[in-house]
Amino acid sequence: MKKEIMITLNGEEIRADVEPQWTLLYFLREILGLTGTKEGCGYGECGACTVIVDGKAVNSCLYPIFEADGKKIVTIEGLATESGGLHPLQKAFVDNGAVQCGYCTPGMIMSAKALLDAKPQPTEEEIKDAIAGNFCRCTGYVTIIDAIKAFGKGR
Ligand code: FES
Ligand code: FES
């Protein structure tokens, strides 16, 4: 049976009727058309679907949509500047060669963003912990860690 939820998504309040079996990932991609959040494994292993809920990075493929009610959610689309340009953290990924196929990148950036919001200049260990649940099959992680470090240092 459908239920109405209210969420703040990328700074905008939205209400929607949702089905209990939907995940947050399904709602974002299939109902709202926000396809920046990726589906990889679909069962909590790869991190491609990471979004920020009330300040914490979560796997949206495992997150029941009913639990999102009343929460603040940020997706990769919410990072763009007002003119639609790249967020400085996205730019740091590009500048450091941390993007190849790009499939892991939205999830990786949202995990990094949650960390950097809580800890503006994280250590390498903290960065590794924050992205431990995000798999990248292309870059080998070194450039991703460099990008996150460079963003932390640059502000
Ligand atoms: S798609 Fe959610 S963790 Fe892989
Ligand atoms: S850039 Fe291709 S999986 Fe990470």
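Predicted, not measured: the structure shown is a model, and the values here were computed from it. Note that ligands are numbered from 1 as they come in the structure, with each ligand's atoms numbered from 1 the same way.
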Visitor: Which of the numbered atoms in ligand 1 are under 4.0 angstrom from any heavy atom belonging to Gly44?
Guide: 3 (S)
Visitor: Is there a donor-acceptor contact under 3.5 Å from the side chain of Gln90 to the main chain of His87?
Guide: yes
Visitor: Tell me whether Cys104 has at least one N, O or S atom under 2.8 Å from atom 2 (Fe) of ligand 2.
Guide: no
Visitor: Would you mind running through ligand 2 and noting each atom that sits below 4.0 Å from a heavy atom of Gly102?
Guide: 1 (S), 2 (Fe)
Visitor: Go through ligand 1 atom by atom and flag the ones less than 4.0 Å from a non-hydrogen atom of Cys49.
Guide: 1 (S), 2 (Fe), 3 (S)
Visitor: Return the residue, atom name and 0.1 Å-rounded distance of the protein heavy atom closest to atom 3 (S) of ligand 2.
Guide: Arg137 N, 3.2 Å
Visitor: Tell me, please, if Cys41 has any N/O/S atom, main chain or side chain, under 2.8 Å from atom 2 (Fe) of ligand 1?
Guide: no
Visitor: Report the distance from atom CG of Leu116 to atom CD1 of Ile148, rounding to the nearest 0.5 Å.
Guide: 6.5 Å
Visitor: Below 2.8 Å, can you find an N, O or S atom of Cys61 next to atom 2 (Fe) of ligand 1?
Guide: yes
Visitor: Could you report the tightest heavy-atom contact between Val51 and Thr75, atom names first, then the distance?
Guide: CG1-CG2, 4.0 Å
Visitor: Determine, for Lys119 against Glu126, whether the closest basic-nitrogen to carboxylate-oxygen distance falls under 4.0 angstrom.
Guide: yes
Visitor: Which residue pairs pass the ring pair (Phe, Tyr, Trp, His ring centres under 6.0 Å) test when at least one of the two sits in residues 43-84, sequence neighbours left out?
Guide: none
Visitor: Which ligand 1 atoms does Glu45 reach within 4.0 Å, using its non-hydrogen atoms?
Guide: 3 (S)
Visitor: Which of the numbered atoms in ligand 1 are below 4.0 angstrom from a heavy atom of Gly42?
Guide: 1 (S), 4 (Fe)
Visitor: Provide the closest heavy-atom pair for Thr143 versus Gly97 in the form atom of the first, atom of the second, distance.
Guide: OG1-O, 3.3 Å
Visitor: State, to 0.1 Å, how close Glu13 and Met6 come at their nearest heavy-atom pair, and which atoms those are.
Guide: CG-SD, 3.5 Å
Visitor: Return yes when at least one N/O/S atom of Cys136 is nearer than 2.8 Å to atom 4 (Fe) of ligand 2, and no when none is.
Guide: yes
Visitor: Within the supplied structure, the quantity of interest is the number of heavy atoms (other residues, nucleotides, ligands) at a distance under 6.0 Å from Glu12 CD; does it exceed 12?
Guide: no
Visitor: Out of all atoms in ligand 1, which are within 4.0 Å of some heavy atom of Cys46? Include the element for each.
Guide: 1 (S), 3 (S), 4 (Fe)
